[in-house]
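Data first, discussion second: the structure below is written as structure tokens.
Just so it is clear, the model here is predicted, and its values are computed rather than measured. A, B, ... follow the sequence lines: proteins, then strands. Residue 1 opens every chain.
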Amino acid sequence: MPELPDVEAFRQYLYSTSLHSTVAHVEARDDLVLEDISQEDLRETLVGTELADTARHGKWLLAQTAYGPWLCFHFGMTGELAYFGEATDIPEHTRVLFVFENGMHLAYLCQRRLGRITLTESVEELVRRKELGPDARDISWECFSEVFSGRTAPVKPLLMDQKVIAGLGNILVDEILFRSRLHPERSVHTLGEEQRRDLHDTLGRIVAVLIRARTQGDEVPDNWLLHYRSEGEQCPRCGAQLKRMSINSRATYLCPRCQSQR
DNA sequence: TGAAATGTTGTTGC
DNA sequence: TGCAACAACATTTC
Ligand SMILES: [Zn+2]
């Protein structure tokens, strides 16, 4: 699940459940998800203090301790959060468990163990360390128009590159390109001003709708491509049979009729 | 059984 | 040096 809209939902979830409770205990059940830190580092930073604020940049969720340092979550392909009361309810695939003095628990789950947890002194430091581009939510035209300069890559891999724009994943980019009627292999340097502006507008609308869907429970419209990501499905706009191809080893769905521009 | 699944990183070659 | 492509990472399901 975790692309930008999902991480934004996790941020709101953490914000509404886990702030302003003193941390009593931290248990790292799986060292693999700890990035450049130890269980001891986590305990020293968190135990005895509380989480006071949240932030998000791209697919990273951050929670600031009352002392200043930030706890950082990345969800990989299968990460999620679970907040609950009873210790007997600890979910399967819990990799790190935070226990609060009020008896509540926050579990970081990650079935495939591709997610990561780390610490940083500031949001900016993490963005620098990970070389993240500007966040995809509400990215300005000025900012967006610059990311194409000097690039020749196909538009899909470029939009998925977190160093270019942070937050867009495989499913989101397919949706944006479908709505923009752009072929995913179209090289970005062939896009004219008009197409770039349209791409920027579409990106903003798609991201906004998906955030509302993930955070408010709004329905994703029936005519969105993401409902039809399987072999043999038809284009919800023109009825043509959708095509599946591999781009940089990622499954890519497109409508050969709507997105014919190479 | 091999392939595929929402992701990132390190390496390789240009 | 920067960019683009790809294998590797880990787990589960079909
Ligand atoms: Zn179509």
Quiz item: Any side-chain N or O of A:R112 less than 4.0 Å from the OP1 or OP2 oxygen of C:dC9?
Solution: no
Quiz prompt | G-U wobble or Watson-Crick pairing nucleotide for C:dC9 (cut-off 3.5 Å, both distances) | solution = B:dG7
Exercise. Give a yes/no answer on whether the side chain of A:H93 brings an N or O atom under 4.0 Å of OP1 or OP2 in C:dT11.
Key: no
Quiz item: Do you know which two heavy atoms are closest between A:Q259 and A:L182, and how far apart they sit?
Solution: NE2-O, 3.0 Å
Quiz item: Hey, quick one: are A:I37 and A:V33 part of the same hydrophobic cluster, counting side-chain heavy atoms closer than 4.5 Å, chains of contacts allowed?
Solution: yes
Quiz prompt | Among C:dC6, C:dA10, C:dA4, the nucleotide that comes nearest once only the side chain of A:S249 is considered | solution = C:dC6
Quiz item: Which heavy atom in A:P184 sits nearest to a heavy atom in A:P154, and how many Å separate them?
Solution: O-CB, 3.7 Å
Quiz item: Is A:Y108 reachable from A:L46 through a run of I, L, V, M, F, W or Y residues, each pair having side-chain heavy atoms under 4.5 Å apart?
Solution: yes
Self-check item: Nearest-neighbour nucleotide for the A:M77 side chain, C:dC9, C:dT11, B:dA5 considered
Solution: B:dA5
Practice problem: Tell me what A:L172 touches on the nucleic acid: a base, only sugar-phosphate, or nothing, going by heavy atoms under 4.0 Å. | Solution: nothing
Self-check item: Which residue lies more 5' along DNA chain C, comparing A:S149 with A:I247 via nearest heavy atoms
Solution: A:S149
Exercise. Determine: side-chain N/O of A:R95 to OP1/OP2 of C:dT11, distance under 4.0 Å, yes or no.
Key: no
Practice problem: Please tell me which of the listed nucleotides, C:dT12, B:dT6, C:dC6, lies nearest to the side chain of A:N248? | Solution: C:dC6
Quiz item: Looking at C:dA10, B:dT6, B:dA5, which one has an atom nearest to any side-chain atom of A:A251?
Solution: B:dA5
Quiz prompt | A:T78 vs C:dT12: side-chain N/O to OP1/OP2 distance below 4.0 Å | solution = no
Quiz item: To the nearest angstrom, how far is A:M160 atom CE from B:dT6 atom P?
Solution: 9 Å
Quiz item: Atom CG of A:L159 and atom C1' of B:dG7: how far apart are they, to the nearest Å?
Solution: 16 Å
Self-check item: Row check, A:F10 ring normal vs A:R56 NZ/CZ: under 6.0 Å, within 45°
Solution: no
Practice problem: Verify, without hydrogens or angle tests, whether A:H200 (side chain) and A:I139 (backbone) share a donor-acceptor contact under 3.5 angstrom. | Solution: yes
Quiz item: Which listed nucleotide (C:dC6, C:dA10, B:dT6) is nearest to the side chain of A:R229?
Solution: B:dT6
Exercise. Write down the distance between CG (A:D174) and P (B:dA4), rounded to a whole number of angstrom.
Key: 15 Å
Under 3.5 Å between N/O atoms: give me all the protein pairs with nucleotides 9-14 of chain B, atom names plus distance.
unit_1 : atom_1 : unit_2 : atom_2 : d
B:dT9  : OP1    : A:K130 : NZ     : 3.2

Quiz item: Is the shortest side-chain N/O distance from A:Q162 to OP1 or OP2 of B:dG7 below 4.0 Å?
Solution: no
Quiz prompt | Donor-acceptor pair, side chain of A:S38 and main chain of A:D41, under 3.5 angstrom | solution = yes
Quiz item: Using a cut-off of less than 4.0 Å, is there contact between a side-chain N or O of A:R116 and OP1 or OP2 of B:dT8?
Solution: no
